[in-house]
Amino acid sequence: MRERLPKDVYRSIKRTISEGAPLEPAIAGVVANAMKDWAIEKGATHYCHWFQPMTGVTAEKHDSFISPSPDGRTIMEFSGRELTQGEPDASSFPSGGLRATFEARGYTAWDCTSPVFVKENGDNITLYIPSAFCSYTSEALDKKTPLLRSMDAINKQAMRVIRALGNTTAQRVFTTLGPEQEYFLIDGAFVEKRLDLMMTGRTLFGAPSPKGQEMEDHYFGALHERVASFMNELNIELWKLGVSAKTQHNEVAPSQYELAPIFTTVNVATDHNQLTMDAMQKIALRHGMVCLLHEKPFAGVNGSGKHNNWSLVTDDGINILDPGNTPHENEQFLVFLCAVVRAVHKYSKILRASAASAGNDHRLGANEAPPAIISIFLGEQLSDIFEQLADGRAKSSKSGGVLKVGVSTLPSLPKDCTDRNRTSPFAFTGNKFEFRMVGSAQSTAGPNFVLNTIVAEILSDLADRLEKAKEVHIEAEKICQEIASEHKNIIFNGDNYSGEWVKEAEKRGLPNIRNAVDAIHTMLDKENKKVFEKHGVLSAGELHARHEILLERYVKEINIEALTTLQMAKRQIMPAVIEYTGIVANTVGAITAAGETAKSQSKLLHDLCKLTDALQINIITLEEALVEAEKKKTAEAYRDIVIPAMNEVRAVADKLETIVDAEIWPLPTYAEMLFTK
Ligand code: ADP
Ligand code: MG
């Protein structure tokens with residue numbers, strides 16, 4: 001931008017990007033023209049507004065730069081208006097009742113705080129313009145708008161607090177995000193034979209593989225060559241797009257991997273995460289593989305999440321959640337730490353809701369990734385300080401010390417003040433909080449606009465007090481003491497997977513919301529409506545719309561899973577079982593005709609027939625369940641009637657898999673899919 005824009009235009013747009021100043025309409029034309037030249041030099045012929053409707057994936061409509069000139073020729077043009085505003089038809093995107101089909105108008109608006117980029121799709125090269133998406137009546141129809149609004153909200157309240165505490169240098173506070181993305185890679189040939197993977201992104205059938213993840217040899221294991229080549233190409237593609245892919249490694253489950261980028265401001269990180277998911281899927285295909293982003297592609301091995309590393313940073317580069325060496329003396333840090341603790345405790349239900357989806361229900365509370373109960377891990381050092389705060393004032397900080405390995409040639413290692421905790425859903429990890437409930441396929445926008453908003457709400461209360469206080473530092477101390485003693489119950493440093501924790505959490509009054517439907521309903525609780533409205537993040541109407549969209553999505557996903565289950569059971573599994581049963585029956589006949597008893601063959605035949613009957617009954621039950629759920633039209637019906645019926649079909653089919661001839665079984669097995677490289 002500095003190279004290509006006139007100085008005053010450059011300064012003006014920088015002011016908008018870094019200081020949040022309103023975008024000056026007059027500069028749009030100049031910026032657009034420079035962007036067009038830059039993009040065309042890179043081979044672009046088209047531009048598109050790139051936005052994030054409530055589908056959770058991105059949307060784009062491409063227009064070429066060509067434009068007729070009066071002399072009948074064609075020139076390449078891109079106006080300020082085309083840069084700043086697009087007008088896609090809003091009626092075919094989920095709107096939760098905010099748009100009726102006959103009122104189709106919707107607008108996209110250029111988000112200049114997230115950089116444009118040029119992307120190749122096959123031979124087509126396009127200039128992408130990150131955009132927000134709203135209706136004719138200016139309601140948010142996307143994931144980005146509330147995220148941007150929440151950034152404004154937390155900036156405003158955080159600035160009030162740090163000003164009151166005496167910071168005179170910072171002008172703005174941003175939230176930062178580094179999302180760790182987990183995913184599976186499976187050979188493409190298997191996916192072609194699995195309708196479930198094609199339709200739903202997860203396996204709806206499959207007996208366990210003889211070997212799973214119990215050898216603990218995959219996590220951080222040496223990368224397989226094919227996978228390493230995939231990662232290499234992925235990194236290059238992402239770097240070209242400005243996405244700072246940084247860390248890559250094998251994850252816990254076989255064929256599971258992770259990518260972590262370098263963190264950046266939350267809306268850019270959210271855009272980049274969408275690009276990452278998109279690139280993973282595209283590039284996997286080039287390597288003959290399919291990338292599965294579903295939260296639970298395979299039963300019995302770990303699912304995939306997105307660890308949402310979240311922090312606050314000032315425009316002069318201070319990480320507000322960095323405790324420093326002596327956190328007990330770091331007043332600003334302590335006040336913000338307390339604010340986050342109170343926000344997460346007070347609004348734990350809406351935070352839980354922000355990670356709710358049909359796919360994520362297989363993870364949360366399913367004894368692997370975090371449980372459905374929200375608690376906070378502070379670690380040894382901060383827990384100690386938190387206890388001191390509750391008693392009045394923090395006077396000391398435990399320090400990490402040095403770790404000696406006992407080999408003279410190895411270096412001594414400075415030790416962190418706190419061990420890691422892998423099971424906490426919301427963990428303090430050194431200089432940021434890691435919200436681990438987020439699902440692997442989810443947009444990071446939702447969890448982060450919720451987090452930003454609830455923390456902004458607590459900060460605004462604290463700012464009210466600090467601004468009024470005669471003795472600011474005494475008031476700050478009082479606030480910390482109060483929060484540390486009131487919110488002890490949300491702190492838990494132990495094993496979040498244990499059964500005792502579930503009981504203990506109940507005693508502490510922490511909600512345990514076990515499924516997405518119940519979680520989504522809490523969005524409409526009075527206090528949640530109030531907090532979103534107060535901070536201008538979502539109006540009551542927008543919140544209602546989102547509640548409806550999420551439930552509708554849940555219903556549709558389960559419905560697709562159920563229909564796929566039925567197709568596979570009836571048209572693939574049943575015919576295979578019948579074929580094999582026929583062979584066994586003929587064998588029994590032939591053996592008995594030859595004068596032998598065919599005892600083991602008859603036993604197998606009997607087992608096959610019994611299971612086939614059960615499969616038939618369960619198929620019919622699932623068909624009836626679908627009819628019933630469709631009549632009721634509620635997410636509860638799909639959760640309580642359809643899902644259990646689907647599970648029953650699977651249970652019997654998986655048993656059959658273990659006794660039917662492998663040559664006849666129509667589906668690639670777990671062992672093949674998880675271990676073929
Ligand atoms: P681990 O798996 O040990 O938790 P990773 O290195 O895989 O750690 O991921 C940590 C993520 O946290 C990275 O994406 C990193 O950029 C991000 N991160 C680090 N510091 C911050 C911060 N201040 N704000 C937001 N994210 C951060
Ligand atoms: Mg990691």
Side-chain angles (χ1 to χ4, degrees), residues 147 150-151 154-155 158 170 172-183 218-221 223 231 234-235 238-239 242-253 256-277 280 302-324 327 330 332-333 336-337 339-340 368-370 376-379 382 413 415-438 440 442 444-445 447-452 455 496:
L147 181 63
S150 77
M151 289 170 71
I154 197 163
N155 165 54
R172 233 177 127 71
V173 172
F174 295 96
T175 32
T176 51
L177 168 68
E180 300 165 49
Q181 178 71 48
E182 293 181 333
Y183 60 99
H218 195 257
Y219 188 60
F220 282 12
L223 293 177
M231 289 179 173
L234 176 64
N235 288 333
L238 290 176
W239 294 334
V243 179
S244 313
K246 171 91 173 156
T247 308
Q248 57 193 30
H249 59 81
N250 282 4
E251 258 301 328
V252 170
Q256 192 188 26
Y257 309 94
E258 181 186 296
L259 177 147
I262 296 175
F263 69 94
T264 177
T265 47
V266 65
N267 71 316
V268 175
T270 294
D271 286 359
H272 284 183
N273 183 249
Q274 291 287 356
L275 287 176
T276 303
M277 292 194 286
M280 281 175 167
N302 269 22
S304 298
K306 185 135 52 192
H307 290 178
N308 190 94
N309 293 276
W310 176 95
S311 189
L312 291 162
V313 67
T314 59
D315 60 337
D316 47 0
I318 307 298
N319 179 354
I320 297 180
L321 291 178
D322 187 345
N330 188 342
Q332 181 175 292
F333 167 76
F336 277 84
L337 176 77
V340 175
E368 54 161 281
I376 300 178
F377 169 82
L378 282 185
L382 290 188
L413 307 172
K415 210 165 101 170
D416 289 301
C417 315
T418 294
D419 200 358
R420 276 175 182 262
N421 175 308
R422 273 292 171 208
T423 64
S424 174
F426 201 89
F428 186 77
T429 46
N431 56 8
K432 58 188 158 68
F433 277 101
E434 188 171 341
F435 180 37
R436 298 185 177 135
M437 276 187 170
V438 183
S440 50
Q442 241 186 312
T444 52
N448 287 292
F449 84 65
V450 168
L451 206 46
N452 287 349
V455 175
N496 287 255

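All values derive from a computational prediction rather than experimental measurement. Counting starts at 1 for both ligands and their atoms, in listed order.
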Test item, E180 contacting ligand 1 (heavy atom, 4.0 angstrom): yes
Within-cut-off N or O pair, [X] and ligand 1, under 3.5 Å:
| X | value |
| --- | --- |
| N309 | yes |
| W310 | no |
| P179 | no |
| I262 | no |

Where [X] and [Y] come nearest, the two heavy atoms and their spacing:
| X | Y | value |
| --- | --- | --- |
| N431 | D322 | CB-CA, 4.0 Å |
| N267 | L147 | CA-CD2, 3.7 Å |
| P447 | F435 | CB-CE2, 4.1 Å |

I need the contact type for [X] against ligand 1. Using non-hydrogen atoms and a strict under-4.0 Å cut-off, is it side chain, backbone, both or neither?
| X | answer |
| --- | --- |
| E434 | side chain |
| E258 | side chain |
| R436 | neither |
| T429 | neither |

Near [X], which atoms of ligand 1 are under 4.0 Å from a heavy atom of that residue?
| X | result |
| --- | --- |
| P261 | 13 (C), 14 (O), 15 (C), 16 (O) |
| R422 | 1 (P), 2 (O), 3 (O) |
| N319 | 23 (N) |

So, [X] side chain and [Y] main chain: donor-acceptor pair closer than 3.5 Å or not?
| X | Y | result |
| --- | --- | --- |
| K306 | S440 | yes |
| R436 | S424 | yes |
| N235 | M231 | yes |

Whether F428 and F433 hold their rings parallel, tilted or perpendicular, with breakpoints at 30° and 60°: perpendicular
side-chain hydrogen bond (donor to acceptor under 3.5 Å, both in side chains) assessment of S311 paired with N309: CA-CA 7 Å; S311 189; N309 293 276; over 6 Å; no
